[in-house]
Amino acid sequence: MSLIDKLMGNASAVNLAELTNEFSTILVDGEIIESAFVVFRDKWVFTNKRLILLDIQGLTGSKREYLTIPYHSIIRFSIETAGTLDDDCEMKIWIRGMAEPLKKEFKRNTDIKGLQRALALNVLK
């Protein structure tokens, strides 16, 4: 992924072996990373047990928030693909107990359908 893509917020798939090493301290026994997407410094990590949203904060990136969403807490989700005049995609995830959905925007060349497929594979088990 080029620096321009990162700055524009485009998401791309990441190397799972490197990611497994990076997340080894928070993964539980038997938990396996199945797929992941990175947007600039943030990451959406799909494991066989949960969705982990990593929000890297600050200039140095030393402050990190790991948001865990158990798949059984996701009650519905949607994607919106880019249109002719609309250059971005969007994913919404409704989580049990939250009034508003979690929203994330992605650029046109994001594999938004792949992101939805990764979520569906785990939520619809």
Side-chain angles (χ1 to χ4, degrees):
M1 176 188 328
S2 74
L3 178 60
I4 297 298
D5 283 342
K6 288 181 182 180
L7 292 174
M8 295 301 292
N10 292 342
S12 66
V14 296
N15 181 302
L16 295 184
E18 290 175 9
L19 202 62
T20 298
N21 187 46
E22 178 184 346
F23 278 72
S24 65
T25 58
I26 67 165
L27 296 176
V28 299
D29 290 342
E31 188 172 18
I32 300 164
I33 295 176
E34 297 176 339
S35 63
F37 295 83
V38 64
V39 180
F40 191 43
R41 298 186 304 176
D42 299 341
K43 295 177 180 144
W44 285 44
V45 179
F46 295 88
T47 76
N48 58 329
K49 299 183 181 286
R50 59 185 163 160
L51 170 59
I52 304 169
L53 302 180
L54 171 58
D55 179 15
I56 300 177
Q57 303 169 3
L59 289 175
T60 64
S62 60
K63 184 174 181 178
R64 296 168 177 237
E65 177 186 14
Y66 295 85
L67 174 63
T68 290
I69 304 171
Y71 293 124
H72 68 270
S73 296
I74 299 172
I75 53 178
R76 68 182 182 268
F77 52 94
S78 70
I79 62 168
E80 181 181 293
T81 60
T84 304
L85 299 175
D86 186 12
D87 202 31
D88 59 355
C89 307
E90 183 178 81
M91 175 173 260
K92 294 179 188 173
I93 302 173
W94 284 264
I95 302 166
R96 186 174 291 115
M98 292 180 64
E100 296 295 317
L102 175 69
K103 296 179 188 177
K104 185 68 175 178
E105 287 190 4
F106 302 95
K107 290 299 175 188
R108 173 181 291 280
N109 64 345
T110 301
D111 182 11
I112 192 74
K113 291 180 182 177
L115 194 58
Q116 181 190 38
R117 189 172 30 262
L119 190 55
L121 283 170
N122 289 290
V123 172
L124 302 176
K125 284 184 181 176

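Residues take their numbers from the sequence shown, with the count starting at 1. A quick note: this is a predicted structure, and the numbers were derived from the prediction, not measured.
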Which distance, rounded to the nearest 0.5 Å, do you find between the CG of L115 and the CZ of F77?
10.0 Å

Flag the pair R50 and E31 as a salt bridge only when some basic side-chain nitrogen lies within less than 4.0 angstrom of an acidic carboxylate oxygen.
yes

Enter the distance from K49:NZ to N122:CG here, rounded to the nearest 0.5 Å.
11.0 Å

Please report the closest heavy-atom contact between F23 and V45, naming both atoms and the distance.
CZ-CG2, 3.6 Å

For the backbone of K43 and the side chain of D55, can you confirm whether one donor and one acceptor N or O come within less than 3.5 Å of each other?
no

Linked, directly or transitively: W94 and I74 (ILVMFWY side chains, under 4.5 Å):
no

Roughly how far, to the nearest 0.5 Å, is CG of L102 from CG of L67?
7.0 Å

Once you round to the nearest 0.5 Å, how far does CD1 of I32 lie from OG1 of T47?
9.0 Å

Which value, rounded to the nearest 0.5 Å, describes the distance between C89 atom SG and K104 atom NZ?
13.0 Å

Nearest 0.5 angstrom please: I93 CD1 to I79 CD1, how far?
11.5 Å

Quick check against the 3.5 Å criterion: does D88 have a side-chain atom that pairs as donor or acceptor with the backbone of A82?
no

G114 and F37: which non-hydrogen atoms are nearest, and at how many Å?
C-CZ, 4.0 Å

Closest non-hydrogen atom pair, Y66 against I26:
CD2-CD1, 3.5 Å

Work out which heavy atom in K103 is nearest to a heavy atom in K92; give both atom names and the distance.
CG-CG, 3.9 Å

Show, in sequence, the C-alpha distance, side-chain angles and deciding distance for K113 and T81, and conclude whether the side-chain contact (heavy atoms from CB on, under 4.5 Å) test is met.
CA-CA 8 Å; K113 291 180 182 177; T81 60; 4.1 Å; yes

Tell me whether L27 shares a hydrophobic cluster with L16, the cluster being built from Ile, Leu, Val, Met, Phe, Trp, Tyr side chains joined at under 4.5 Å.
yes

Would E22 and R64 pass as an ion pair if we require N to O under 4.0 Å?
yes

With a 4.5 Å cut-off on side-chain heavy atoms, are Y71 and L51 touching?
yes

